[in-house]
Amino acid sequence: MDAADPVAEVAGAVLESAGELAGNGARSGAKLDRPPKPEFGDYSSNVPMLLAPAMRRPPREVAEQLAERVRGRLGGALERAEVAGPGFLNLFMSDEWYRAAVAAAVAAGDDYGRVAPTDREKVMVEFVSANPTGPPNAATGRHAAYGDALARILEFAGHEVEREYYVNDFGSQVQRFGESIRARARGEEPPEDGYQGDYVVDVAKQIDGAADMDVDELARRGVELMLESMRGTMERYRVRFDTFFRESELHAGEVERALEQLEGAGHVYESEGARWLRTTQFGDDKDRVLTRGTGAATYFAADIAYHQHKRERGFDRLIDVWGADHHGYVTRMKAAFEALGGDPDHLELVIMQLVNLMEGGQRAQMSKRAGTIVTLDELIDDIGVDAARFYMLQRSHDTTLDLDLRLAREQSQENPVYYVQYAHARIASILRKAGDERVADALSKDLAASEEVLHPSARALVKRLLELPAEVQTAADRRAPHRMTTYAHDVAQAFSAFYRDVRVVGAAEEGGDEDFRLALSAATKRVIARSLDLLGVEAPDHM
RNA sequence: GCCCCGAUAGCUCAGCUGGAUAGAGCGACUCCCUCCUAAGGAGUAGGCCGCAGGUUCGAAUCCUGCUCGGGGCGCCA
């Protein structure tokens with residue numbers, strides 16, 4: 001049997017058998033599922049129903065033929081195979097198979113769950129990229145948790161990943177930031193369209209002679225101070241960026257170069273004194289301005305240069321994490337990317353839906369401009385990094401997230417994250433009780449040779465652990481870190497049932513194999529730790 | 001008007017590249033610590049999976065149309 005992936009071995013047996021029956025063409029859509037009820041076996045396949053039309057036989061008859069061949073292939077790993085319902089093939093695995101499966105997971109050690117990509121890519125994940133004119137807020141927290149977790153997952157799935165923060169340190173907003181700092185330094189109110197928040201006062205205090213300083217210089221220094229503070233918050237939030245790329249760098253020639261390239265490709269025209277990109281050629285509903293009548297480049301032009309710059313840095317794939325308010329920007333960005341010769345499929349623009357910070361049912365506003373903010377730091381102070389990250393990652397990125405502070409605060413002990421962490425700590429406690437030497441000894445045993453008769457709870461737990469590689473793959477492929485939160489919870493739950501039904505330390509007293517149970521517990525601990533790590537959440541040994 | 005996202009249990013949401021009797025957490029109610037951590041466990045109640053059609057052996061899942069909610073439609077960034 002394939003020691004590396006017991007589930008793949010089962011799937012392979014089914015697919016190969018199907019190929020023998022109907023030829024290799026008839027396999028698409030074939031799946032190995034985990035059935036909803038124990039009576040339906042450990043694994044089931046819909047293959048018979050898919051093959052039936054091609055074979056011109058009733059699905060259940062096809063299933064019988066398939067069962068025969070699968071039995072031959074799997075031998076002792078299979079307890080029995082049954083045909084059920086409209087034509088499902090249900091497989092019941094033997095203890096022998098389960099023991100070998102645990103042995104395989106244990107043997108993989110900390111690498112368990114790591115998947116080998118068919119196509120290893122160099123990926124850039126650009127995220128947060130919040131304007132450095134205000135403190136990070138809850139939305140920043142969602143973007144940061146998502147981008148970071150996605151990067152962790154892609155790395156674990158075998159890709160080479162770089163994390164970048166694009167700093168918008170250029171243009172009118174930054175200008176207004178400088179003006180606001182100067183006003184505060186002079187003890188005045190910021191301009192109407194400036195930044196009203198108190199943090200501007202703090203920034204002003206940190207810059208000597210701010211009252212008389214040039215606005216551009218003030219803006220520059222202010223941005224650097226904000227960035228420094230952002231970096232601190234991100235570090236606290238366990239988010240690390242490989243690079244901070246400043247928009248201003250692009251205005252020293254990169255933007256002009258990108259525009260010339262577009263012009264050379266014949267996608268640019270002049271009208272009403274402005275230069276336009278013919279994005280309509282690439283599916284946009286209207287053309288977009290590159291340089292204004294004043295001659296100044298638009299933000300769009302800079303962004304084009306930025307993405308061209310990314311391409312030139314040799315990435316196979318660019319993933320940008322954007323806020324919901326940027327969705328209208330997607331088509332034109334992809335259009336520009338394509339106009340420059342890029343493959344639009346290799347530029348992924350992930351749109352994060354909003355975070356609504358609620359306070360006891362009331363909506364808390366999050367406008368950076370008005371300065372009425374619950375900052376990310378305040379959120380972390382309130383509910384902790386682990387809960388904050390887990391909460392932010394629990395939901396799919398394309399659903400609006402309601403985060404009720406009062407609830408998160410009150411329930412911080414009842415939070416799902418604590419449930420998962422508790423399971424981890426509990427296993428740590430069991431292993432402590434057994435002792436390091438006992439555990440090391442158990443892990444070194446030939447578990448496949450164990451005579452442990454698995455309790456249904458143990459079987460359920462093993463099956464959960466075996467899902468890790470597929471979950472990692474799915475989370476990576478679908479850019480869906482939230483999958484790992486559900487999975488982590490499921491594993492914790494499966495362990496709780498195992499803990500309830502099966503004694504680990506002192507297993508011999510109830511006729512069990514302590515070595516096997518210790519190893520299974522250790523493997524579970526690793527899986528939980530891994531799942532949490534991919535989310536950037538800690539896995540404590542004590543709680 | 002156009003574009004994006006959503007609509008699943010009282011609340012917040014998983015499940016969505018089609019499978020068997022639709023799940024979790026929280027909330028409500030009833031129980032369980034002589035026993036490796038009760039931050040735990042067992043159970044009960046709670047669903048026209050927004051509506052209407054369509055495709056299919058099979059639809060919460062795919063397609064079309066509608067309804068409602070959120071967001072966006074600058075020579076702002």
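Naming convention: chains lettered A, B, ... in sequence-line order (proteins, then strands); numbering from 1 in each chain.
The phosphate of B:rG41 (OP1 or OP2) has a side-chain N or O of A:Tyr419 nearer than 4.0 angstrom. In this model, the phosphate group of B:rC32 is not approached by any side-chain N or O of A:Arg500 to a distance below 4.0 Å at OP1 or OP2. Residue A:Tyr499 has no polar side-chain atom (N or O) positioned under 4.0 Å from OP1 or OP2 of B:rC33. The side chain of A:Lys31 contributes an N or O atom lying less than 4.0 Å from OP1 or OP2 of B:rG19. Contact check, A:Tyr299 against B:rA77: no side-chain N or O comes under 4.0 Å of OP1 or OP2. Proximity of A:Arg292 to the phosphate of B:rA77: a side-chain N or O atom is located under 4.0 Å from OP1 or OP2. Using a 4.0 Å cut-off, no side-chain N or O of A:His489 falls inside it from OP1 or OP2 of B:rA14.
Where A:Leu89 and A:Ala423 each meet RNA chain B at their nearest nucleotide, the meeting point lying more 5' is that of A:Leu89.
Annotation: proximity of residues 515-528 of chain A to RNA chain B (heavy atom, distance under 4.0 Å) is found for no residue. For the segment residues 323-331 of chain A, residues with any heavy atom less than 4.0 angstrom from an atom of RNA chain B are, sorted by number, A:Ala324, A:Asp325, A:His326, A:His327, A:Tyr329.
At the heavy-atom level, A:Thr291 lies nowhere under 4.0 Å from the strands shown.
Looking at A:Gln173 and A:Tyr195, their side chains do bring a donor and an acceptor atom within 3.5 Å of each other.
Counting distance only, with no hydrogens placed and no angle test, the side-chain atoms of A:Thr298 and the base atoms of B:rA77 include no donor-acceptor pair under 3.5 Å. For A:Asn90 against B:rA20, a side-chain N or O and a base N or O form a donor-acceptor pair under 3.5 Å.
Stacking is found between A:Phe40 and the pyrimidine-like six-membered ring of the B:rA20 base under the 5.5 Å centre-distance and 30° plane-angle cut-offs. Per the stacking criterion (ring centres < 5.5 Å, plane angle < 30°), A:Phe88 stacks onto the base of B:rA20.
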